[in-house]
Participant: 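Questions regarding the structure given below will be posed in turn.
Computed from a predicted model, the values in this text were never measured in an experiment.
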Amino acid sequence: MSPSRILVTGATGYIGGRLVPRLLARGHDVRVLARSPQKLTDVPWAGDVEVMEGDLHDADAVARAVRDVDVVYYLVHSMRARGDFDEEESAAARTVAEAAGAAGVRRIVYLGALHPDGELSRHLRSRVAVGRILLDSGVPTVVFQAGVVIGSGSASFEMIRHLTEVLPYMPAPRWVRNRIQPIAIRDVLHYLLEAAELPPDVSRAFDIGGPDILRYGQMMNAYALEAGLPQRPIASLPVFTPWLASQWVNLVTPIPRSLAVPIIESLQYDCVMREHDIDAVIPPPPEGLTPYRRAVRLALARERSGEVETSWQDASVAGAPSDPLPSDPEWSGHTVYTDLRERDSTADPEMLWRVVEGIGGERGWYSFPLAWALRGWADKLVGGVGLRRGRRDADHLNTGDALDWWRVERIERGRSLRLRAEMRVPGRAWLELAVRPREGGGSQYRQRAVFFPRGLSGRLYWFAILPFHGVIFNGMANRIVYEAEHPKAASRVARPMRQQNADPSPAQPSPGRPNPQQEPTPASSR
C-alpha cells in the first residue's frame, strides 16, 4: 500500500518511541501528539515528524491532530495506582474516537492487555473499556491484547531482571505460579506496523503472544540461565497481597510503587491467548515469533552494549513535579532557597563537560555515596523512585531522560544541564550544573540547587538538610572538578560502562543446569 499519514499518541513512551522510527522507515508521514513536546527534543527522529502539543482530554487539540490523518495509533496508558485514572482513560478514548470519526480516519490501532474472562483488576478493566470505546467509534479498529512485553528497558523485563539478580531466594506471592504468555517487543512492533495496512473490514480485538506459555517463576529462572546466574528457589506464599507485593517490588527493584501496582495487578490472573485468529490476518514475522529465552538474550545484549532504544524510565512518574523551573525574575515574591557552588578548573571545558554529563547511575554523584544511598532508600520507603532507576545511557543524556531520582529538564550540550527532582519532597527542586570556558584557559564549574518549598513542611525540610548541603554539595563540586583535572581518573569516569561490565556476549547456561520450562521441585516451591 502507498504511504499513509499517521498520528501516534504516546510517542514519548516505551512502545511509541520505538514504533515511530519504524513507521518512518516504511515511508509513512508521521505526526505525534505529545503533552510535553520537549521530551522529544533530542530523539534521533525528531526532525522527521510533525510534533503537535496537546492533551488527549483537549477535544480541540485532538481534532487538530487527527485532521488529514489515515491511521491513529493509540498507545497511551495511565500507570497511576490511585484516583480516577480509569474514568480519565475512558474520557480520553472517547475524545479520540469522536474526533477520528468526524475526521474520516480510516483506522485506529490500540495496544491493550491480554486478560481472562471474569473479574479483573481495575487497571485491566480500564484497558478493556478503552478498547471497547475505540471499537464502537465507527472507525475500523484493531485492538491488540498483549501480555508481558520482554525487551531491553521494558518495565516487565526490568522487574524480572532485578528480582532475579538481587534475591538469591525468592519469597513470592501465589501469582508466581500463574500462567503467562510473554511476547518480545520486536513481535509487538511487527503487529503494530502491519496493522496500518489492514483492509477496512478488519475491526476487532486480537490476542497476541509469543510461542511460550510459562509460569512467572519459570520466567525468572529462565532469565537466570541467560544471565549466567544459578536458578533461584522460589517459595509461593499466600500472605503476599498485591499491595504488599508492590511494596516488595518497590524496595528491591528500581520500579517505583506507582508503576509496580498495575504490573502486579495484571499478574493475578492466567494471561494466555484464548484465540490465534491474528495468524489469518497478520502472519508471524518471517523468522517466526521470538521464544522467551531468545527475547531475554536479545534484551541483555542490548543493555550490556548500552543500546537501549527506549525505557520504562521515559514514562512520567505519577505525582512527580512536571512544571519547568521558572526563570529567575519570576522568583520575585516567592520563597526560594538556593545553594550555589562555583569552582575554577584547569581542565578544558570539554573534559569538564564529559564528567558532568556522565554523572549519576553507576558512577554516582561524586560525594558521600552512603548519604545518597540512604536518601534513595528513604524515598523508596515513601513510594518514590529512589536512586536505583539509574540512567539509560552511560555517557549521554537527552531532554526527558530519567537520571536516578532526577529528570533531565534541559540540556545545552557542552554548556549546562538542568535536572528536575522526582523524589518525594515537600516542594519542587532542581539541580543545575554548568560549564563555562575561562579567559586564559581552563574552565569554570557552576552548581546550583534550587528549592521552592511547599508550606511549613517544605521550609522545615530545607533547614533540616541544610547542614548536609555544606558537606555533600561542596564535596560534589570539588570531586567533579578533580575528575576533570586528572586525565587518568577522568578517563575511567568517561569510559562507557559496558566496558566496565562483564563480557557483553550472552552468557550460556551450563549443561548441568535444569530446564526453566520444568516446574520447580516441591522443596523449592513450598
Participant: In Å and rounded to the nearest 0.5 Å, what is the CG to CG distance from Leu289 to Asp279?
Facilitator: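 So the gap between those two atoms works out to 7.5 Å.
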
Participant: Go through Glu89 and Arg127 one step at a time and tell me if the side-chain contact (heavy atoms from CB on, under 4.5 Å) criterion holds.
Facilitator: CA-CA 8 Å; Glu89 281 197 329; Arg127 301 293 189 265; 3.2 Å; yes

Participant: Quick one: closest heavy-atom pair of Val20 and Val32, and the distance?
Facilitator: CG2-CG1, 4.1 Å

Participant: Do Ile282 and Phe206 come close enough that some side-chain heavy atom pair is under 4.5 Å?
Facilitator: no

Participant: Show the nearest heavy-atom pair for residues Gly151 and Ala299, with the distance to one decimal.
Facilitator: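 Heavy atoms of Gly151 and Ala299 come nearest at C-CB, 3.7 Å.
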
Participant: Using a 4.5 Å cut-off on heavy atoms from C-beta on, say whether the side chain of Phe157 contacts that of Leu300.
Facilitator: yes

Participant: Would you call Arg161 and Glu303 a salt bridge, using N to O less than 4.0 angstrom?
Facilitator: yes

Participant: Got more than 12 heavy atoms from elsewhere within 6.0 Å of CZ, Arg302?
Facilitator: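 Not buried by this count: 12 neighbours or fewer within 6.0 Å.
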
Participant: Would you say the side-chain atoms of His190 pair up with the backbone N or O of Arg186, donor to acceptor, closer than 3.5 Å?
Facilitator: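 The answer is no, because no donor-acceptor pair under 3.5 Å joins these two groups.
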
Participant: How close do Pro21 and Gly17 get, heavy atom to heavy atom, and via which atoms?
Facilitator: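 The answer is CD-O, 3.3 Å.
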
Participant: Taking Thr290's backbone N and O only, do any of them form a donor-acceptor pair with Asp187's side chain (distance below 3.5 Å, no angle check)?
Facilitator: yes

Participant: Search all heavy atoms of Ala113 against all heavy atoms of Leu124 and return the closest pair with its distance.
Facilitator: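 Heavy atoms only, the tightest pair is CB-CD2, 3.5 Å.
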
Participant: Would the distance check show the side chain of Thr41 and the main-chain N or O of Gln38 forming a donor-acceptor pair, the cut-off being under 3.5 Å?
Facilitator: yes

Participant: Report yes or no: does His77 contribute a side-chain atom to a donor-acceptor pair with the main-chain N or O of Leu111 at less than 3.5 Å?
Facilitator: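 Yes, the answer is positive, given that a donor and an acceptor are paired below the 3.5 Å cut-off.
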
Participant: When rounded to the nearest 0.5 angstrom, what is the spacing between CD1 in Ile180 and OH in Tyr216?
Facilitator: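 OH of Tyr216 is found 7.0 Å from CD1 of Ile180.
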
Participant: When you look at Glu422 and Arg389, which way does the side-chain contact (heavy atoms from CB on, under 4.5 Å) test go after all the steps?
Facilitator: CA-CA 11 Å; Glu422 292 188 335; Arg389 187 165 56 168; 3.0 Å; yes

Participant: Has the side chain of Glu275 got a donor or acceptor atom that lies under 3.5 Å from a matching backbone atom of Asp207?
Facilitator: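 A pair under 3.5 Å: yes.
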
Participant: Output yes when a side-chain donor or acceptor of Asp393 lies under 3.5 Å from a complementary backbone atom of Asp395, and no otherwise.
Facilitator: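 At least one qualifying donor-acceptor pair exists.
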
Participant: For the backbone of Gly210 and the side chain of Gln181, can you confirm whether one donor and one acceptor N or O come within less than 3.5 Å of each other?
Facilitator: yes

Participant: Is the shortest heavy-atom distance from the side chain of Leu192 to the side chain of Tyr73 under 4.5 Å?
Facilitator: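 Heavy-atom side-chain distance check passes, below 4.5 Å.
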
Participant: One thing to verify: whether Asp68 and Arg31 come together as a salt bridge, which I'm taking to mean a side-chain N less than 4.0 angstrom from a carboxylate O.
Facilitator: no

Participant: Give the minimum heavy-atom separation between Leu56 and Leu33, together with the two atoms involved.
Facilitator: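 For Leu56 versus Leu33, the nearest heavy atoms are CD2-CD2, 3.7 Å.
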
Participant: Could you tell me if the side chain of Leu403 sits less than 4.5 Å from the side chain of Leu419, heavy atoms only?
Facilitator: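 The answer is yes; the side chains approach within 4.5 Å.
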
Participant: Using a 3.5 Å distance criterion without hydrogens, assess whether the side chain of Arg179 forms a donor-acceptor pair with backbone atoms of Arg215.
Facilitator: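 No; judged by distance alone, with no hydrogens or angles, the pair does not exist.
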
Participant: So does Asp401 pair up with Arg407, basic N to acidic O under 4.0 Å?
Facilitator: no

Participant: Against Val139, only a single residue in Ile108, Val72, Val71 fulfils side chain to side chain contact (heavy atoms under 4.5 Å, CB included); can you say which?
Facilitator: Ile108

Participant: Using a strict 4.0 Å threshold on nitrogen-to-oxygen distance, state whether Glu50 and Arg5 make a salt bridge.
Facilitator: yes

Participant: Please verify the inter-ring angle class for Tyr191 with Phe144; under 30° counts as parallel, over 60° as perpendicular, anything in between as tilted.
Facilitator: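 Tilted.
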
Participant: Step by step, would you call Arg26 with Glu197 a side-chain contact (heavy atoms from CB on, under 4.5 Å)?
Facilitator: CA-CA 11 Å; Arg26 290 198 172 194; Glu197 302 179 357; 4.2 Å; yes

Participant: To the nearest 0.5 angstrom, please state how far the CD1 atom of Ile160 sits from the CE atom of Met219.
Facilitator: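 Rounded to the nearest 0.5 Å, the CD1-CE separation comes out at 3.5 Å.
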
Participant: Can you check whether His123 and Phe85 have ring centres sitting under 6.0 Å from each other?
Facilitator: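 Centroid separation for His123 and Phe85: below 6.0 Å.
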
Participant: Does any donor atom in the side chain of Glu165 or Tyr223 lie under 3.5 Å from an acceptor atom in the other side chain?
Facilitator: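 A pair is found: one side chain offers a donor N or O, the other an acceptor, under 3.5 Å apart.
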
Participant: Any ion pair linking Arg35 and Asp55 (charged N to carboxylate O, less than 4.0 Å)?
Facilitator: yes

Participant: Within the 4.5 Å heavy-atom criterion, are Val142 and Arg107 side-chain neighbours or not?
Facilitator: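 Yes, close enough: below the 4.5 Å cut-off.
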
Participant: Please determine whether salt bridge (charged side-chain N to carboxylate O under 4.0 Å, His left out) holds for the pair Arg122 and Asp86, giving the CA-CA distance in whole Å, both sets of side-chain angles, and the decisive distance to 0.1 Å.
Facilitator: CA-CA 7 Å; Arg122 193 176 168 197; Asp86 46 356; 3.1 Å; yes

Participant: With salt bridge (charged side-chain N to carboxylate O under 4.0 Å, His left out) as the criterion, how do Arg391 and Glu362 come out once you've worked through the C-alpha distance, each side chain's angles and the decisive distance to 0.1 Å?
Facilitator: CA-CA 8 Å; Arg391 50 184 292 162; Glu362 294 293 331; over 6 Å; no

Participant: Can you find a heavy atom in the side chain of Thr310 that is under 4.5 Å from one in the side chain of Thr12?
Facilitator: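 Contact flag for Thr310/Thr12 side chains = no.
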
Participant: If you round to the nearest 0.5 Å, how far is CG of Leu198 from OG1 of Thr141?
Facilitator: 11.5 Å

Participant: Tell me whether the NZ or CZ atom of Arg294 lies within the 45° cone about the ring axis of Tyr292 and under 6.0 Å from its centre.
Facilitator: no

Participant: Where the side chain of Thr9 meets the backbone of Leu75, is there a donor-acceptor pair that is under 3.5 Å apart?
Facilitator: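 Here the side-chain-to-backbone pair exists.
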
Participant: Could you tell me which non-hydrogen atom of Ala99 sits nearest to which non-hydrogen atom of Val62, and how far apart they are?
Facilitator: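 Looks like CB-CG1, 3.6 Å.
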
Participant: Could you go step by step and tell me if Asp48 and Val30 meet the side-chain contact (heavy atoms from CB on, under 4.5 Å) rule?
Facilitator: CA-CA 8 Å; Asp48 300 321; Val30 179; over 6 Å; no

Participant: List the steps, then state whether salt bridge (charged side-chain N to carboxylate O under 4.0 Å, His left out) holds for Asp117 with Arg274.
Facilitator: CA-CA 10 Å; Asp117 292 325; Arg274 293 169 296 173; 2.5 Å; yes

Participant: Do Thr164 and Arg232 touch side chain to side chain, with heavy atoms closer than 4.5 Å?
Facilitator: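 They are in contact (side-chain heavy atoms under 4.5 Å apart), so the answer is yes.
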
Participant: Any side-chain heavy atom of Ile185 within less than 4.5 Å of one from Ile150?
Facilitator: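 The answer is no, as the side chains (C-beta and beyond) never meet within the 4.5 Å cut-off.
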
Participant: Please check this pair: side chain of Arg392 against backbone of Glu309, looking for a donor-acceptor N/O pair closer than 3.5 Å.
Facilitator: yes

Participant: Distance check, rounded to the nearest 0.5 Å: Tyr14 atom OH versus Leu19 atom CG?
Facilitator: 13.0 Å

Participant: Give, for atom CD1 of Ile278 and atom CD of Glu194, the distance between the pair rounded to the nearest 0.5 Å.
Facilitator: 10.0 Å

